[in-house]
Amino acid sequence: MKEKIGKIERVEIYIVTLPLVRPFETSFAKETHKEALLLKITCSGICGWGECVASPAPYYSYETNETAYHIIKDFLVPLLRKVKNSSVNEVLNSFKRIRGHNMAKAAVENALLDLLAKKKGIPLYELLGGKSRRIMSGISIGIKANPAEILEIINKAVEKKYHRIKMKVKRGKDIEFVKAVRREFSEIPLMVDANSDYSIEDMDNLKKFDEFNLMMIEQPLDHDDIYFHSVLQKEIRTPICLDESIKSLKDAESAIHLGSCTIINIKQGRVGGMLISKDLQQYCSDHSIKVWSGGMLETGIGRAFNLHLQTLPGFNLPGDTSETCRYFEEDIVDKPVVLDPDGFITIPQGEGIGIRVITERLDRFKTFYDKLI
Ligand code: OSB
Ligand code: MG
């Protein structure tokens with residue numbers, strides 16, 4: 001991205017809190033609301049939007065919306081203030097001095113890319129070098145009290161033609177639950193996500209997943225582990241997909257060289273943005289590692305970034321991209337994500353991310369606001 005950004009006129013932060021249609025439970029938390037930090041950057045009267053994928057609590061990653069606010073306000077925005085004739089790449093390079101905090105950095109990068117695409121009058125996927133194509137869909141089902149509840153959700157998803165089903169598992173809510181699903185749905189593309197609930201001592205239990213013909217098991221071991229996943233992958237047939245453990249290109253290189261996984265869940269927020277995601281996808285392609293785009297229960301803004309990302313070559317597995325109505329009754333954007341009759345999702349075609357924020361809803365769901373420039 002060599003294009004100059006121009007003088008930044010305004011940077012605003014909103015935190016919105018949206019009720020979830022149903023609580024979302026993982027091995028680490030049960031969420032009833034989505035709290036999202038949104039960033040709006042205005043330049044020559046054009047505004048770009050970004051969404052930070054952090055949560056209020058540091059259970060998925062150490063970042064929270066509060067730490068993201070701190071990093072954006074006290075470190076990233078001061079660097080943005082210096083921008084007069086810099087390109088997006090130069091700005092992102094200046095961010096490298098700040099260690100970690102990928103989610104905060106990604107939110108700023110998101111807004112700059114949306115802004116740049118709008119300035120050029122092109123959709124974001126075109127700016128990224130992606131192709132206009134419909135993308136595949138997939139749902140992520142939270143942990144439920146019993147298998148019957150999961151079966152009911154899968155029934156509806158199959159009717160809607162979702163391309164794959166992911167179910168969350170944790171110790172004690174795993175093998176029997178998957179067995180019950182496979183009994184009813186012997187053929188559906190199915191995978192599980194453990195969000196780091198197991199340790200290498202659980203090897204014997206993890207081997208039991210092998211009989212269910214799963215597409216993959218996502219992040220079985222520690223959130224920052226790479227080595228023990230390589231030990232596990234040698235013992236189980238089910239392909240391992242890493243999520244939490246991959247926060248940079250270097251992590252991916254280590255994991256691939258060690259044989260810790262054959263699939264990577266690329267969440268653009270977790271790895272620090274769309275551009276690094278593109279590099280990561282290319283690196284994985286070069287090393288025969290499959291990738292797909294994960295999700296973080298994003299509002300329509302973050303969801304749009306995930307959609308555009310998946311137009312890049314290499315995103316050939318269905319990800320965690322599902323319809324807005326599975327999460328929110330009212331989103332803050334004008335175009336909810338909906339499935340076509342064959343289960344595919346059409347990319348918004350306007351300039352930038354291709355969707356607009358509904359001001360009235362932003363105001364109604366806003367729980368915090370600050371003007372940083
Ligand atoms: O591990 O992929 C995950 C949601 C929040 C935090 C972590 C994860 C998830 C999901 C949901 O699985 C994905 C989505 O539907 O947005
Ligand atoms: Mg995951």
Side-chain angles (χ1 to χ4, degrees), residues 18 20-36 51-65 102-103 106 135-144 150 153-154 157 160 162-170 174 190-198 214-225 229 239-247 251 255 261 263-271 291-307 309-310 317-328 331 336-337 339 345:
L18 308 181
L20 288 171
V21 169
R22 60 178 85 85
F24 188 75
E25 186 173 347
T26 56
S27 60
F28 60 82
K30 184 171 184 169
E31 290 168 289
T32 57
H33 287 76
K34 170 67 187 179
E35 182 191 281
E51 174 168 342
C52 177
V53 302
S55 307
Y59 302 147
Y60 169 82
S61 93
Y62 67 83
E63 289 191 81
T64 65
N65 287 326
N102 285 346
M103 295 176 177
I135 59 149
M136 284 188 282
S137 61
I139 64 167
S140 173
I141 305 174
I143 285 169
K144 301 289 173 193
I150 299 180
I153 296 171
I154 298 181
K160 280 232 157 201
Y162 272 103
H163 294 119
R164 75 100 168 93
I165 307 292
K166 155 168 147 182
M167 53 190 281
K168 295 282 187 183
V169 291
K170 66 176 185 180
D174 44 17
L190 181 68
M191 59 170 290
V192 293
D193 184 359
N195 289 108
S196 299
D197 201 49
Y198 300 89
L214 299 176
M215 298 169 81
M216 66 194 89
I217 177 166
E218 186 178 344
Q219 195 71 34
L221 308 180
D222 279 344
H223 70 97
D224 54 358
D225 170 76
H229 280 100
I240 293 179
C241 168
L242 289 179
D243 173 355
E244 285 90 329
S245 292
I246 307 296
K247 296 179 185 77
D251 289 339
C261 64
I263 304 166
I264 291 179
N265 168 347
I266 299 185
K267 287 180 184 166
Q268 59 87 21
R270 188 194 71 231
V271 298
V291 303
W292 51 277
S293 162
M296 292 291 285
L297 315 178
E298 290 93 342
T299 77
I301 295 176
R303 203 167 293 275
F305 283 92
N306 296 344
L307 293 178
L309 183 65
Q310 290 174 77
L317 285 173
D320 283 339
T321 315
S322 49
E323 290 187 309
T324 303
C325 64
R326 291 195 65 246
Y327 309 86
F328 311 114
D331 195 353
V337 173
L339 296 198
I345 298 172

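Remember, it's 1-based here, ligands and their atoms both numbered in the order they're listed.
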In this structure, atom 13 (C) of ligand 1 is nearest to the protein heavy atom Gly295 O, 3.3 Å
Ring pair (Phe, Tyr, Trp, His ring centres under 6.0 Å) filter on Tyr59, not counting sequence neighbours, yields none
Is Asp331 reaching over with its side chain to a backbone N or O of Gly300, donor-acceptor style, under 3.5 angstrom? yes
Closest to atom 3 (C) of ligand 1 (heavy atoms only, candidates Lys34, Lys267, Met296, His223) is Lys267
*Arg164 with Asp320: basic N within carboxylate O range, under 4.0 Å*: yes
So the angle subtended at the Mg ion (ligand 2) by Asp193 atom OD2 and Asp243 atom OD2, rounded to 10 degrees, is 180°
If we number the atoms of ligand 1 from 1 as shown, the ones under 4.0 Å from a heavy atom of Tyr327 are 14 (C), 15 (O), 16 (O)
So the atoms of ligand 1 within less than 4.0 Å of a heavy atom of Glu218 turn out to be 2 (O)
| Is a side-chain donor or acceptor of Ser140 paired with a backbone partner of Lys166 at a separation under 3.5 angstrom? | no
Can you tell me if Asp222 uses its side chain to pair, donor with acceptor, with the backbone of Asp224 under 3.5 Å? no
Tyr60 heavy atoms within 4.0 Å reach ligand 1 at atoms 7 (C)
Counting N and O atoms only, with roles assigned by atom type, does the side chain of Ser27 sit under 3.5 Å from a partner on the main chain of Ala194, one being a donor and the other an acceptor? yes
ask   = From the Mg ion (ligand 2) out to just under 2.8 Å, does an N/O/S atom of Asp320 turn up?
value = no
A student comparing Asn306, Leu297, Asn265, Asn195 should find that the heavy atom closest to atom 1 (O) of ligand 1 comes from Asn195
Counting from 1 in the order shown, the ligand 1 atoms closer than 4.0 Å to a non-hydrogen atom of Asp243 are 1 (O), 2 (O), 3 (C)
Rounded to the nearest 0.5 Å, the CD1 atom of Ile345 sits from the CD1 atom of Ile135 at a distance of 4.5 Å
The closest protein heavy-atom partner of atom 4 (C) of ligand 1 is Phe24 CE2, 3.6 Å
Interatomic distance, OG@Ser322 vs CG@Leu297, rounded to 0.5 Å, equals 9.0 Å
- Query: Do any N/O/S atoms of Glu244 come under 2.8 Å of the Mg ion (ligand 2)?
  - Reply: no
Whether Thr26 lies under 4.0 Å from ligand 1, heavy atom | no
Can you find an N/O atom of Ser322 closer than 3.5 Å to an N/O atom of ligand 1?
-> no
Worksheet entry | Check: Glu244 side chain, His223 main-chain N or O, donor-acceptor pair, under 3.5 Å | no
Strictly by modelled atom types, are Gln268 and Ser293 linked by a side-chain donor-acceptor pair under 3.5 Å? no
Of Lys168, Lys166, Glu298, the residue with the heavy atom nearest atom 8 (C) of ligand 1 is Lys168
The atom of Glu218 among N, O or S that is nearest the Mg ion (ligand 2) is OE2
- prompt: If you measure from each heavy atom of Glu31 to ligand 1, is any distance below 4.0 Å?
  reply: no
ask   = Can you tell me if Arg303 has a non-hydrogen atom under 4.0 Å from ligand 1?
value = no
Could you establish whether Gln219 and ligand 1 come within less than 4.0 Å of each other, counting only heavy atoms on the residue side?
no
Answer yes or no: is there a donor N or O on one side and an acceptor on the other, between the side chain of Gln219 and the main chain of Leu221, under 3.5 Å?
yes
